[in-house]
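Positions are given from 1 along the sequence. Atoms within each ligand, like the ligands themselves, are counted from 1 in listed order. These numbers were taken from a predicted model, which means no experiment stands behind them.
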Amino acid sequence: MKTLREKEKTIFELGGSGKRGMDLPKPEGLAPAAISGPCMRGVAPDLPDLSEVEVVRHFTRLSKLNYGVDDGFYPLGSCTMKHNPKINEVVASLEGFKWSHPMLPYGMVQGTLKAMKMLENALNEITGMDGCSLQPAAGAHGELTGVMMIRACQEKKGNSRQIMLIPDSAHGTNPASSAFSGYEVKEVASDETGCVDLKALAEALDENVAGMMLTNPNTLGIFEKNIQKIADMLHEKGALLYMDGANMNAMMGKARPGELGVDVMHLNLHKTFSTPHGGGGPGAGPVCFREHMAPFQPTPVVDGEGGYHKLNWNCPDSIGKVHGFYGNFLVILKALAYILSLGGNGLEQSTEDAVLAANYVRASLKDDFHIPFDVPTLHEVVFNDKLQEEFGVSTLDIAKRLIDYGIHPPTIYFPLIVHGSLMVEPTESESKEEMDYFIEIMKKIAKEAATSPELLHDAPHDTPVRRLDETKAARNPVLRYGGGKQ
Ligand SMILES: *Cc1c(COP(=O)(O)O)cnc(C)c1O
């Protein structure tokens with residue numbers, strides 16, 4: 001096999017002239033031109049000529065450069081890169097679901113609507129909430145939807161409050177969603193245990209605060225132990241509590257946000273409920289809410305009264321639609337398949353296993369890597385590069401060196417409140433052997449940092465490209481062969 005060390009050429013470099021993917025018979029006589037005048041191009045497009053097999057091999061080789069959860073350990077903290085059981089795909093490709101069109105009459109889509117209602121009910125049961133909208137297409141989209149509901153709720157009460165409180169340990173999408181909804185973001189500091197500092201909260205809280213977005217467990221992987229107190233403090237001042245439940249995989253079966261004082265929250269089906277993600281594929285970020293927030297939920301609302309399912313558009317206080325039709329339906333199905341195949345006990349067990357796995361990694365590496373907040377964590381653990389600093393080795397070096405050992409690096413430099421953070425989330429679906437390999441390699445890297453730091457500075461050694469200027473790639477992508485023009 002061609003080794004991946006050789007840089008794959010671009011398709012323009014591979015192309016020759018005169019090669020063809022297929023031969024068509026010469027047309028008999030000239031067909032009348034469908035396009036003419038100024039729309040007709042004067043010269044043929046400068047596309048590379050290749051045979052079919054060359055095209056297939058080029059893209060197959062490129063696809064092998066990819067790395068995913070189906071290749072190996074992928075401990076990307078906060079992202080929950082866990083196994084997606086293949087049965088979910090089978091369910092999502094059932095003919096009746098796959099071919100159902102969102103504009104079919106109710107009589108023909110009772111099963112489809114019922115599946116949506118079943119998932120809503122399951123998510124309400126898991127979160128202890130009263131209602132659910134499956135429309136949002138991602139976690140951040142769920143946040144935006146929830147914050148818009150908070151605004152609608154406050155405005156209905158005649159309050160045009162301006163401020164959204166965000167702890168400094170929140171996920172970065174939280175301040176973004178608040179700002180996007182027109183709120184002014186005010187940061188609340190954490191205390192030495194990595195949780196919201198209640199004194200700082202009391203100081204920040206006044207009649208101009210519409211609500212607070214609380215990531216729980218927070219981005220340090222720590223459960224906000226004072227969440228009920230926080231909810232009470234907010235409610236007393238007429239503010240609402242939003243919970244970012246993207247990482248509900250650390251709470252399922254153990255704690256229900258609806259019972260902790262949360263008014264509205266979102267879930268990431270493409271994390272906790274196991275549907276493939278990464279690379280911008282479809283996801284879903286359903287919003288769950290308590291009864292008093294129900295009037296503001298997006299329309300349409302799936303109504304299953306009396307066993308006959310239909311869509312209710314008659315919701316005068318609704319924030320309106322937030323997605324085309326009813327959301328990413330096949331993602332909804334995958335999550336439903338996952339929940340039904342695990343059952344309540346299975347979900348609880350998956351939470352326990354995720355927390356056990358993270359704490360196993362934490363305990364195994366605590367002498368090799370510094371743990372800035374040394375308190376028990378849930379599904380993920382945050383290390384940093386403090387012990388490696390004296391050898392001139394940084395978090396980036398450690399992450400890049402992992403690639404040489406065939407392991408996807410963890411999340412780095414996030415959360416922002418930890419200098420040089422390295423955030424590991426093994427998830428519940430990894431075997432002990434896989435985690436032991438990761439631990440062994442991390443220990444080896446800690447040793448290398450002390451004895452041969454240049455090995456880390458140069459890493460990765462074995463990839464077709466080495467260290468990229470990541471900012472440049474994002475800000476100035478070269479999408480065309482032959483130079484910088486886009
Ligand atoms: C992943 C994540 C999000 C954002 O979810 P997307 O689906 O990527 O928009 C928000 N909050 C937390 C805590 C997350 O882990």
Can you pull the side chain to side chain donor-acceptor pair (under 3.5 Å) pairs that have at least one residue in residues 200-218, sequence neighbours excluded?
-> Asn174-Thr215, Asn218-Glu224
Which distance, rounded to the nearest 0.5 Å, do you find between the NZ of Lys386 and the CG of Asn384?
-> 7.5 Å
Results of side-chain hydrogen bond (donor to acceptor under 3.5 Å, both in side chains) for Glu425 - residues two or more places apart only = Thr80, Asn249
Start with the C-alpha gap between Tyr437 and Phe73, add the side-chain angles, then the distance that decides, and say whether ring-ring contact (aromatic ring centres under 6.0 Å, His included) holds.
-> CA-CA 10 Å; Tyr437 176 67; Phe73 194 48; 8.9 Å; no
Which pairs, with at least one residue in residues 163-205 and sequence neighbours excluded, count as a ring pair (Phe, Tyr, Trp, His ring centres under 6.0 Å)?
-> His171-Phe414
Around ligand 1, what residues show up once you keep those with a heavy atom under 4.0 Å from it?
-> Ser78, Ala138, Gly139, Ala140, Glu143, His171, Thr173, Thr215, Asp244, Ala246, Asn247, Asn268, His270, Lys271
Intermediate values then yes/no, salt bridge (charged side-chain N to carboxylate O under 4.0 Å, His left out), Asp368 and Lys443 = CA-CA 6 Å; Asp368 305 273; Lys443 283 179 178 292; 2.8 Å; yes
